[in-house]
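Scroll down for the structure; my scribbles are underneath it.
Atoms considered below: every heavy atom in the structure, side chains included; atoms not considered: hydrogens, waters and symmetry mates. Convention: sequence-line order gives letters A, B, ...; per-chain numbering from 1.
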Amino acid sequence: MVEPGDVRRLADLTARAAATELPSAGLCRELAVAHERVDDPAGAVRWALGLTDTGAGLAAWTAAAGVLRRCLPQVRPLARTARVAVLGSYTTSQLTALLPLAAARAGVAIETYEGGYGQYHQEILDPDSGLYRFAPDVVVLAVHAGDVALPAIADDPDAAVAAEVSRWTALWATVRARTGARIVQHAFAVPAEVALGHLTLRTAGARALLLGRVNVELGRAAAVDGVGLVDCDRLAADVGRRTWFDPRYWRRARQAVALDCVPLLARHTAAVIGAQLGASRKCLVLDLDNTLWGGVLGEDGLAGLALGEGPLGEAYAAVQDYALELSRRGVLLAVCSKNNDADAREVFERHPGMRLRLTDIAMFSACWDDKPTQLRRIAATLGLGLDALVFVDDNPAEREAVRQLAGEVDVIALPADPHGYLRALADYPFFEATALTAEDATRTATYRARADAAAARESATSLEDFHRGLAMTATVVALDELTLPRVAQLVGKTNQFNLTGRRRDEDGIARLAAEPTTAVFCVRLADRFADHGLVAVLIAVEDGDALTVDTWLMSCRVIGRTLEDELAGLLLAEARRRGLARVTGHYRASPKNALVAGLYDRLGFTRIDPTGVPRDTGVTWWSRRTAEPYASRSLIRVVTADRSLEADRNMEADRNMEEVPG
Amino acid sequence: MVQDHLQRIFREIFSDDDLVLTDTMTSADVPGWDSLAHINLIYAVERHFSIQIADDRLAGFASVGDLRRHIEELHRAG
């Protein structure tokens, strides 16, 4: 039951949110609740997920997790789902409760199972445990440094590290032997309290050092085994080790991670789970003016940009360096800017402060289209979904336009101060990858090639313009001893564009063609990029007042080029020349030729299935009067070759052309 | 004043915005108020009011009113 007061409250909160670009956690929570109250679960989910980006603590996350739990089942399902088991060495109930919220933010809807307190060994080793009954897709080992068996100072540091690492890798092996589950392990946060003081660095067996070595060795093993690691030591250092671990709550309730840090841990665990499941974002789309450099190119000019030198110029250079590092680890970079294309490219080519080169950019989009439109084009060109893109722009209005009109794109909000840009980028966790491969460093080149190929299509405003831009020429050549082998080859193996499916060998084709009542068209096609060779064969025979199609086929190289329209024109003209009233033909369905089932209909032929003859299923008969005017779209120039010149020159090319069965 | 803040914390921890606190309320009156929720609640209260509730008081609140009065005492002392 929706109350008028709830509707008014939602309107009021929405207005407050619109007045601030990054609503606080409190406002996000109130909006989530308000949407839920007016029966808008999608809005409730959106604001619950928005809350996870505000750096909020346990209480706000717990509230949002509740909204998500109630509302997510009522909205369009997320692209990915997973069953996630959390096994811990401490109280993991809060982590398990918040993980569905964090995972949904990463694009994965999860169901969770929480192992018994501190029971991770038993859960893994007992084949009848709740873990295996749950049948997890992902097993999270939420363990902490207190559970690592290392003395304060080890006599044999190497052996101590090896023993500890093999304890964990053995557990991984058992999980993988019994399930197909992915494993995500929390690496160890090194405690802040160190009795050895600065002597730690000089003491090879010191526990703090060995914990770090265990992390490194776990990383080495995880890379081989495909295990995802969450670098908790980095997270702890980031928030401060004193904040990460709260001794009061360790002793009160065995919380090894301070409860207000659990949301951060959940967020990063979800990012690694997402990477394991292939849900990571793949492309960083960068604005130019006041994002990659200081100033507005169109107003300040190339020489007026802040880039590379001075405190401000260094801030922008730092952003570019970070983007380059992302690129080297396999994140695609794209540019999305409202600028003149040539001017924007000139900065990349000429400005001495530029770190990024045009070759680092998979797709360069600088034009005056709105940014949601540009982003859609970038995604389509790179063959990615919008949900693979992350957009970064200094302009709040542009960010808002993208949020509203291309909502699947993730948007990184930049702070007002450019010195904070790098931090804002680095805080974004959803570019997480499962591995670093040699291919990552070259991925941009692959995608750039795709973008270049698409550019020809893109520049045409319609398919018709695209075809015109190809400058196609169809040449009708004679059937003779030079073209016959290629014609026989096409007749023998063309499947898709083949109306009658008749197979004949060279002798059969030659005998039929020799009859004066037979018309044969052998057609070559060339465009400004390539000569496709002899690609179409049409054979028709006189039958009463009609010229009847015996064989009509085309190579699949040239399907979709409108060549069939020109062939129909040639056929009708030939029938007229012979004084015939009609052109007739039939389509015989085969497992592969559905492509041309509607061809005659599209070309203006009328269905004339014969009477008195037993109806053959899968065959349709068609007729068109030669007196009726016929106009093709004229997207191809048609010429008739001087046989003595054309055939010789082109025959070799035909033979050498490897024909894919069409 | 403390009551308003406390009510908001309860609503967050129990993810229930219909929750209306009264002084006589006990854990038996609030669905889901188990030992885990209690730890979350005490933690959120400590963080929100910048106070520290002593270990020996953790389990000793007879009612919401009892908790509210203790918060007010610590708040005044702090």
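Listed by sequence position, B/Leu36, B/Ile39, B/Asn40, B/Ile42, B/Tyr43, B/Ala44, B/Glu46 are the residues of residues 32-46 of chain B in contact with chain A, using a 4.5 angstrom heavy-atom cutoff. Residue-level contacts of residues 257-273 of chain A with chain B, in order of numbering, are A/Ala258, A/Leu259, A/Asp260; threshold 4.5 Å between heavy atoms. Using a 4.5 Å heavy-atom cut-off against chain A, the contacting residues of residues 7-25 of chain B are B/Arg8, B/Glu12, B/Ile13, B/Ser15, B/Asp17, B/Asp18. Within residues 64-72 of chain B, no residue has a heavy atom under 4.5 Å from a heavy atom of chain A.
Around the CZ atom of A/Arg242, the shell of radius 6.0 Å holds no more than 12 heavy atoms that belong to other residues, nucleotides or ligands. Within a 6.0 Å sphere centred on NE2 of A/His121, heavy atoms belonging to other residues, nucleotides or ligands number more than 12.
Of all the listed residues (A/Gln255, A/Glu30, A/Arg37), the one sharing the greatest number of non-hydrogen pairs under 4.5 Å with chain B is A/Arg37.
For chain B, no part of A/Arg251 is nearby; none of its heavy atoms comes within less than 4.5 Å.
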